[in-house]
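Worksheet: one structure, shown below.
Since this is a predicted model, take the numbers as computed values, not measurements.
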2 protein chains.
Amino acid sequence: MPHAHHSDACPGCAAAPQAAFARHDHSHCSGDVLARAEALAAEQGVKLTPVRRRVLEILLEEHRALGAYDVLQRLAGEGFGNQPPVAYRALDFLVENGLAHRIRRLNAFAACMHPGEAHAPAFLICRACNHVAEAPAAPVREALDHAAAALGFAIERSNIEALGLCPACRGAGA
Amino acid sequence: MPHAHHSDACPGCAAAPQAAFARHDHSHCSGDVLARAEALAAEQGVKLTPVRRRVLEILLEEHRALGAYDVLQRLAGEGFGNQPPVAYRALDFLVENGLAHRIRRLNAFAACMHPGEAHAPAFLICRACNHVAEAPAAPVREALDHAAAALGFAIERSNIEALGLCPACRGAGA
DNA sequence: TCTTGACATGTTATAGTATAACATACATAG
DNA sequence: CTATGTATGTTATACTATAACATGTCAAGA
């Protein structure tokens with residue numbers, strides 16, 4: 001049952017950053033992202049195999065951060081392997097190729113909503129509804145690079161995560 | 001055997017941010033930090049009990065990020081409890097009270113080198129020597145707040161972590 | 001003084017997250 | 001067609017974290 005609860009807040013859709021936490025039908029965002037993911041994979045010479053593609057679809061359908069074991073459970077129910085490495089490998093692939101992100105605070109993974117746009121996003125995690133939005137973080141990244149440079153440290157990868165309340169849950173007084 | 005390898009890079013000492021990755025004797029930083037931690041605890045009306053204090057000392061002695069089970073092992077060898085909650089509770093206390101930080105990328109904990117200075121630090125993690133430095137991150141934090149505000153998101157806590165190479169390891173061609 | 005309540009520590013048990021190591025399949029270049 | 005690299009699948013295990021309950025400690029108020 002794909003995207004069964006569109007009335008929920010639906011963060012991080014590709015359409016517009018401002019719409020990240022706004023209610024909207026995201027079926028098209030998913031298709032959109034998936035199409036771009038395929039193109040990107042072809043372009044980079046890596047293979048978006050059935051498991052990998054299916055994992056990305058699952059992340060897009062749920063439209064929130066999922067634990068590896070959540071993903072695994074869905075895979076297993078669809079005839080794929082049912083052991084942890086199956087999920088972890090597909091997720092690692094997606095992360096490695098910029099098609100998904102790892103949210104360390106949640107021990108979870110979320111589809112990247114802006115694949116190919118070479119971004120170092122910040123993640124805004126709502127502690128009430130658990131939804132995760134990618135915030136444009138170029139200035140953040142820049143400030144971080146600067147701070148690191150001052151110490152002679154060369155950043156290779158970084159993750160920036162914030163916990164708080166999304167607009168909807170603030171309104172609801174959560 | 002406290003701080004047994006001072007010839008290593010020794011990041012994050014309180015003396016000066018610039019010295020974070022420089023070689024130096026840090027026995028005094030530890031004492032320094034510990035003293036400030038005690039003062040801070042008294043001031044905040046919370047108790048730096050023997051286990052908690054010992055855990056902080058262990059983090060300071062090692063002067064790097066330690067897993068909860070690493071800490072536990074040392075506690076157990078000193079007559080404290082040897083079950084995970086003993087370590088986790090002390091570590092959580094320290095984090096909660098600004099005396100230590102949790103490094104999610106490493107599933108590890110490190111003593112805060114600037115207790116009481118109300119900072120939202122960025123962590124620079126060297127992938128070669130595994131040392132962690134706290135970088136001053138006020139501008140980073142500001143940029144992040146700004147990005148979140150644009151989406152109507154209210155940040156409560158955040159963590160900023162970067163993986164890369166520290167000056168020493170860059171030099172060593174690691 | 002007694003006792004009550006809050007907090008800290010300790011223990012048992014279990015849940016949740018992740019990877020090592022090896023076996024099998026499958027595509028594709030030579 | 002076969003050798004090679006890559007992907008998938010499986011078994012087993014390691015690592016990280018918390019729930020739930022028992023015991024101990026200390027200080028404030030009866």
Side-chain angles (χ1 to χ4, degrees), chain A residues 37-38 41-42 44-59 65-97 99-110 125 130 159 161 163, chain B residues 38 41-42 44-59 65-97 99-110 125 127 130 159 161 163:
Chain A
E38 302 232 30
Q44 294 180 343
V46 299
K47 286 177 215 161
L48 196 57
T49 61
V51 215
R52 292 167 177 175
R53 190 196 152 103
R54 188 67 196 114
V55 169
L56 181 54
E57 286 173 4
I58 289 170
L59 292 180
L66 290 180
Y69 282 73
D70 297 327
V71 171
L72 179 58
Q73 188 168 355
R74 301 211 31 186
L75 286 178
E78 299 175 15
F80 293 99
N82 67 341
Q83 299 305 315
V86 173
Y88 279 103
R89 282 195 290 234
L91 288 166
D92 287 346
F93 170 89
L94 294 174
V95 170
E96 207 60 34
N97 291 279
L99 302 176
H101 298 291
R102 185 170 197 153
I103 316 293
R104 305 205 92 104
R105 185 150 205 138
L106 301 176
N107 292 324
F109 301 82
I125 307 164
N130 239 36
N159 56 299
E161 302 175 4
L163 189 73
Chain B
E38 302 231 31
Q44 294 179 343
V46 298
K47 287 176 213 161
L48 195 58
T49 60
V51 215
R52 292 168 177 174
R53 188 196 153 104
R54 188 66 196 116
V55 169
L56 182 54
E57 285 173 4
I58 289 169
L59 292 180
L66 249 40
Y69 283 74
D70 296 328
V71 171
L72 179 58
Q73 188 169 354
R74 300 210 32 187
L75 286 179
E78 299 175 14
F80 293 99
N82 67 340
Q83 299 304 317
V86 173
Y88 279 104
R89 283 197 289 236
L91 289 165
D92 287 347
F93 170 89
L94 294 174
V95 170
E96 207 61 34
N97 291 279
L99 302 176
H101 298 290
R102 184 169 197 155
I103 315 294
R104 306 205 91 103
R105 185 152 204 138
L106 301 177
N107 292 324
F109 301 81
I125 307 164
R127 67 166 163 76
N130 238 35
N159 57 299
E161 302 175 6
L163 189 73

*Just how large is the angle between the end axes of the helix from C:dT1-D:dA30 to C:dG30-D:dC1, five pairs per end, to 10 degrees?*
10°

*For B:Leu48 and B:Ala41, which heavy atoms make the closest approach, and how far apart are they?*
CB-CB, 4.1 Å

I'd like a table of donor-acceptor pairs (distance under 3.5 Å, sequence neighbours excluded) in which one partner is a side-chain atom from residues 99-109 of chain A, with atom names and distances.
unit_1: A:His101; atom_1: NE2; unit_2: A:His119; atom_2: NE2; d: 3.4
unit_1: A:Arg105; atom_1: NH1; unit_2: B:Asn159; atom_2: OD1; d: 2.9

For residues 80-96 of chain B, which side-chain donor-acceptor pairs fall under 3.5 Å, sequence neighbours excluded?
none

*Distance, rounded to the nearest Å, where A:Leu72 contributes CG and D:dT8 contributes P*: 14 Å

*Is any side-chain N or O of B:Arg89 closer than 4.0 Å to OP1 or OP2 of D:dA17?*
no

*In whole angstrom, give the distance that lies between atom CG of B:Leu75 and atom P of C:dG10.*
9 Å

*For A:Arg54, which residues count as a side-chain hydrogen bond (donor to acceptor under 3.5 Å, both in side chains) partner, sequence neighbours excluded?*
A:Glu57, A:Glu61, A:Glu78

*Expressed in angstrom and rounded to an integer, what is the separation of A:Leu48 atom CG from D:dA7 atom C1'?*
13 Å

*Starting from P on D:dG9, measure out to CZ on A:Arg52 and report it in whole angstrom.*
11 Å

Could you run down the sub-3.5 Å N/O contacts of the protein with nucleotides 12-19 of chain C?
unit_1: C:dA18; atom_1: OP1; unit_2: A:Arg102; atom_2: NH2; d: 2.8
unit_1: C:dA18; atom_1: OP2; unit_2: A:Tyr88; atom_2: OH; d: 2.9
unit_1: C:dA18; atom_1: O5'; unit_2: A:Tyr88; atom_2: OH; d: 3.3
unit_1: C:dA18; atom_1: N7; unit_2: A:Tyr69; atom_2: OH; d: 2.7
unit_1: C:dA18; atom_1: N6; unit_2: A:Tyr69; atom_2: OH; d: 3.4

*Round to a whole Å and report the spacing from CG of B:Leu66 to C1' of D:dT16.*
14 Å

*How long is the line joining CD1 of B:Ile103 and P of D:dT16, in whole Å?*
14 Å

*asked:* Generate the contact string for nucleotides 23-30 of chain C. Rules: B means base contact, S means sugar-phosphate contact only, - means no protein heavy atom under 4.0 Å.
replied: --------

*How many Å lie between CD on B:Gln73 and C1' on D:dT16, as a whole number?*
15 Å

*Calculate the interatomic distance between A:Arg54 atom CZ and D:dT8 atom P; express it in whole Å.*
15 Å

